[in-house]
Amino acid sequence: NFLSHSGINRISIGAQSFNNITLKKIGRSHSREDIYTAFNLARDSGFKNINLDIMFGLPGERRKEFKETLTEVATLKPEHISLYALTIEADTPFYNLKKEKKIKLPSDSFCSLLFMDAIDFLISNGYEHYEISNFALPGKKSAHNQIYWKNKYYLGIGANSSSYIDGKRYKNMNDLINYISLLEHGILPIEYQEILPFKERMIETIILKLRMLEGMSKKEFKEMFNKSIEEYFHKEINNLKKQHLLDENETHYFLTKKGILFANNVFFEFMD
């Protein structure tokens with residue numbers, strides 16, 4: 001109640017899966033029942049905008065079990081759903097288990113199948129697929145995340161936070177004691193800052209905008225960089241269109257259904 005009455009209007013719950021066996025395999029301390037308890041507590045506390053994080057491509061999870069998780073998500077009817085594939089980071093317990101061949105991860109083709117299952121299922125249940133990994137009920141798109149995807153300015157407050165203001169990126173000190181000490185002495189606790197070169201700003205803008213299913217606005221690109229996107233990236237656009245990864249209408253370039261599955265290939269094309 002304190003959070004919901006303090007102006008906080010959105011809460012996110014890291015459910016990941018509704019299968020207790022799968023949750024144990026990925027080292028989660030919560031259970032399916034805990035997810036329901038947390039969700040209902042959030043509702044009872046006044047939250048009318050709840051996000052659930054769900055993962056696919058988890059070790060040992062079959063297509064049937066993933067569909068059961070999606071069904072349970074639809075039963076709860078959160079306003080927003082973030083759907084991510086499992087990624088293995090170096091020097092983590094998962095990385096070591098994979099290296100020692102103690103876990104087997106599903107193939108890329110199977111993960112793509114699960115992803116398409118999720119897209120079709122969630123759309124059929126009233127969710128808009130508005131960003132590669134995000135789905136929302138009408139009027140419930142994440143305002144916070146759209147700031148990043150649209151490459152707009154934002155201010156991060158606190159130790160280890162990041163900001164993007166007036167074309168500069170800042171990162172605050174990670175160490176809390178140093179952070180407080182610098183502020184007490186009237187010094188901004190910035191650990192580093194950078195200004196992206198012109199071409200990198202263009203590429204970053206395209207990649208972030210293409211994450212949104214509405215895509216990259218041709219008019220907006222020209223307003224930002226003084227020339228059309230075709231003048232800078234004619235070759236890349238043609239290559240991606242030939243592969244049926246990118247399409248266009250009168251106002252935007254956007255990922256195709258195939259392009260959503262192979263988004264990283266699209267992004268690498270612009271980065272080469």
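Positions are given from 1, in the same order as the sequence printed here.
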Partners passing salt bridge (charged side-chain N to carboxylate O under 4.0 Å, His left out) against Lys48 (at least two apart in sequence or in another chain)
none
Short side-chain donor-acceptor distance under 3.5 Å, Asn249 and Thr251
yes
Counting C-beta onward and ignoring hydrogens, is there a side-chain heavy-atom pair between Val73 and Pro78 closer than 4.5 Å?
yes
Would you verify whether the NZ or CZ of Lys218 falls within 45 degrees of the ring axis of Tyr253 while also being under 6.0 Å from that six-membered ring's centre?
yes
Asp117/Arg63 ion pair, N-O < 4.0 Å
yes
Tyr36/Phe18 aromatic ring centres below 6.0 Å:
yes
Can you find a heavy atom in the side chain of Leu213 that is under 4.5 Å from one in the side chain of Ile260?
yes
Could you check whether atom NZ of Lys24 has more than 12 heavy atoms from other residues, nucleotides or ligands sitting under 6.0 Å from it?
no
Student check: side-chain heavy atoms of Ile50 and Ile13 closer than 4.5 Å
yes
Are any non-hydrogen side-chain atoms of Asn19 and Arg32 less than 4.5 angstrom apart?
no
With the threshold set at 4.0 Å, does a side-chain nitrogen-carboxylate oxygen contact exist between Lys171 and Glu194?
no
Picking from Leu255, Leu261, Leu240, what satisfies side chain to side chain contact (heavy atoms under 4.5 Å, CB included) with Leu245?
Leu240
Distance flag, aromatic centroids of Tyr130 and His80, threshold under 6.0 Å:
yes
Tell me, do Phe66 and Ile54 make a side-chain contact under 4.5 Å, heavy atoms counted?
yes
Hey, are Thr71 and Glu68 close enough side-chain-wise for a donor-acceptor pair under 3.5 Å?
no
So, do Phe254 and Leu246 sit near enough that their side-chain heavy atoms are less than 4.5 Å apart?
no
Quick one: does Asp44's side chain have a donor or acceptor within less than 3.5 Å of a partner on Leu41's backbone?
no
Any side-chain heavy-atom pair of His30 and Leu23 under 4.5 Å
yes
Hey, does the side chain of His144 reach the backbone of Ile147 with a donor-acceptor pair shorter than 3.5 angstrom?
no
Quick check, are the ring centers of Tyr232 and Phe225 under 6.0 angstrom apart?
no
Below 4.0 angstrom, N of the basic side chain to O of the carboxylate: do Lys141 and Glu128 qualify?
yes
Ignoring hydrogens, what is the shortest heavy-atom contact between Gly156 and Ser163? Give both atom names and the distance.
N-OG, 2.8 Å
Are the side chains of Ile26 and Pro59 in contact, using a 4.5 Å heavy-atom criterion?
yes
I'd like to know if Glu79 and Arg43 make a salt bridge, using a cut-off of under 4.0 Å between side-chain N and carboxylate O.
yes
Does the ring of Tyr164 carry Arg169 above it, NZ/CZ under 6.0 angstrom from centre and within 45° of its axis?
yes
Checking His252 now: which residues fulfil ring-ring contact (aromatic ring centres under 6.0 Å, His included) with it, not counting sequence neighbours?
none
Donor-acceptor pair, Asp53 side chain versus Ser12 backbone, under 3.5 Å?
no
Is the number of heavy atoms from other residues, nucleotides or ligands within 6.0 Å of CD1 (Ile190) greater than 12?
yes
Does any N or O in the side chain of Thr69 come within less than 3.5 Å of the main-chain N or O of Ser17, such that one atom is a donor and the other an acceptor?
no
